[in-house]
Amino acid sequence: MKMYNIVLCLIVLFFSYCKENKGNSVENKESFFYEMEIGCYTHSEISNECLTKIEELGCYKTLNELRRSKLGEIFFNKTWVGEDQQTLFYIIDSKGDIRIFQGGPDKEPNQRSLIGKGKIYSEQNNWYYEQKCIEQECESFRIPILYLYCAITSDLVDKDVLRKIEFGNRKLVESDEISNNNKYKSILFIEEQPIKNQIFNGFISTKVPPILEKR
């Protein structure tokens, strides 16, 4: 009887160990991250409510769209700004066509200058970004969208919660590596429209899957 109990305990420990390791393996493969301890990104004048459920978080929704290669749902019908949130503005319509405007901290939307056009589009089941500039303030290029990164940030003035997305033709790398590799190209967009107050969240540079063929 004693030997039976020992064997039973070993079996239980074995399956507990396997289950734990399996869970850790799945977690390690997960690219999404969030942080409860640093508090909530809030704009208290609008609402003190804070989203904490994973499925409600901005970058988690973006990650689900990315996994289905639904880049149109991520980018289309939205206005995006460049990294400094006041110089470059990218207005993307429902077809993925882009108008690129140059503005400034003291300029109203009707005072911005059109400096280029572009497009986010699919070709042979893959996604591409292209921009053609009519002024020297931006660069003309075309790249495949192979990797995408997301995190939330805040507006420089009003402290609204904003979604930040960086994408490029390879996995996100350090800036010194970019400077030594002229074939690498990445673009950083910040969505102009604020999202709901929420805890800090995002996902690491994640590969864009091929577009599934419609059947």
Side-chain angles (χ1 to χ4, degrees), residues 22-34 53-83 88-100 116-133 138-153 162-175 177-193 195 198 200-215:
K22 183 179 180 181
N24 287 337
S25 176
V26 172
E27 184 178 353
N28 289 336
K29 292 180 180 178
E30 183 63 68
S31 58
F32 182 74
F33 58 84
Y34 64 96
K53 294 181 179 179
I54 294 178
E55 61 271 14
E56 296 178 339
L57 301 179
C59 285
Y60 187 79
K61 294 179 179 179
T62 301
L63 181 59
N64 283 335
E65 292 165 342
L66 171 62
R67 285 170 171 165
R68 294 180 288 122
S69 202
K70 299 288 187 179
L71 267 62
E73 296 182 15
I74 297 174
F75 292 109
F76 293 4
N77 283 320
K78 295 179 178 70
T79 297
W80 302 84
V81 298
E83 186 170 8
L88 294 177
F89 298 81
Y90 303 82
I91 300 176
I92 307 179
D93 67 15
S94 60
K95 297 180 180 180
D97 291 320
I98 307 170
R99 290 177 295 152
I100 306 171
K117 294 183 178 182
K119 190 174 183 67
I120 292 177
Y121 62 97
S122 60
E123 184 178 284
Q124 297 181 343
N125 296 331
N126 294 303
W127 286 99
Y128 292 85
Y129 175 88
E130 183 176 14
Q131 68 177 42
K132 296 180 180 179
C133 299
C138 70
E139 177 187 1
S140 298
F141 61 90
R142 174 184 179 272
I143 59 168
I145 304 176
L146 301 182
Y147 283 86
L148 196 143
Y149 157 87
C150 179
I152 65 168
T153 185
L162 304 174
R163 186 174 53 146
K164 176 175 66 175
I165 292 178
E166 186 168 357
F167 58 94
N169 59 356
R170 60 165 286 182
K171 195 170 184 178
L172 188 64
V173 297
E174 299 296 332
S175 57
E177 292 186 51
I178 297 174
S179 62
N180 295 325
N181 185 353
N182 57 13
K183 293 182 180 180
Y184 177 80
K185 180 70 67 176
S186 69
I187 302 97
L188 191 149
F189 279 176
I190 298 175
E191 189 175 359
E192 188 177 55
Q193 180 66 33
I195 58 178
Q198 55 194 270
F200 179 74
N201 66 94
F203 58 83
I204 62 175
S205 187
T206 301
K207 192 171 184 177
V208 178
I211 301 169
L212 295 176
E213 295 184 3
K214 295 181 180 179
R215 295 182 178 179

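Heavy-atom neighbours of E56 CD from other residues, nucleotides or ligands within 6.0 Å: above the threshold of 12. The number of heavy atoms from other shown groups lying within 6.0 Å of OH (Y128) is above 12. The 12-atom threshold is exceeded at CD of E55, counting heavy atoms of other residues, nucleotides or ligands nearer than 6.0 Å.
W80 and F75 have tilted rings, their planes meeting at an angle from 30° to 60° on a 0 to 90° scale. Ring geometry for F141 against Y129 counts as tilted: the plane angle lies between 30° and 60°, on a 0 to 90° scale.
At distances below 3.5 Å, not a single donor-acceptor pair connects side-chain atoms of N169 with backbone N or O atoms of Y184. S69 places a side-chain N or O within donor-acceptor distance of the main-chain N or O of P209, the cut-off being under 3.5 Å.
For E191, the salt bridge (charged side-chain N to carboxylate O under 4.0 Å, His left out) partners two or more places apart in sequence, or in a different chain, are R163. D93 meets the salt bridge (charged side-chain N to carboxylate O under 4.0 Å, His left out) test with no other residue; sequence neighbours excluded. In this view, E130 and K132 satisfy the salt bridge (charged side-chain N to carboxylate O under 4.0 Å, His left out) rule, not counting sequence neighbours.
Residues S122 and I211 are in side-chain contact: their nearest non-hydrogen atoms beyond the backbone lie under 4.5 Å apart. You'll find the side chain of F203 reaches within 4.5 Å of the side chain of L148, heavy atoms only.
Once rounded to the nearest 0.5 Å, the distance linking OH of Y147 with CD1 of I204 reads 10.0 Å. In this structure, CG on L71 lies 11.0 Å from CG on N126, to the nearest 0.5 angstrom.
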_Would K78 and I92 count as a side-chain contact (heavy atoms from CB on, under 4.5 Å) here? Give the steps._
CA-CA 6 Å; K78 295 179 178 70; I92 307 179; 5.8 Å; no

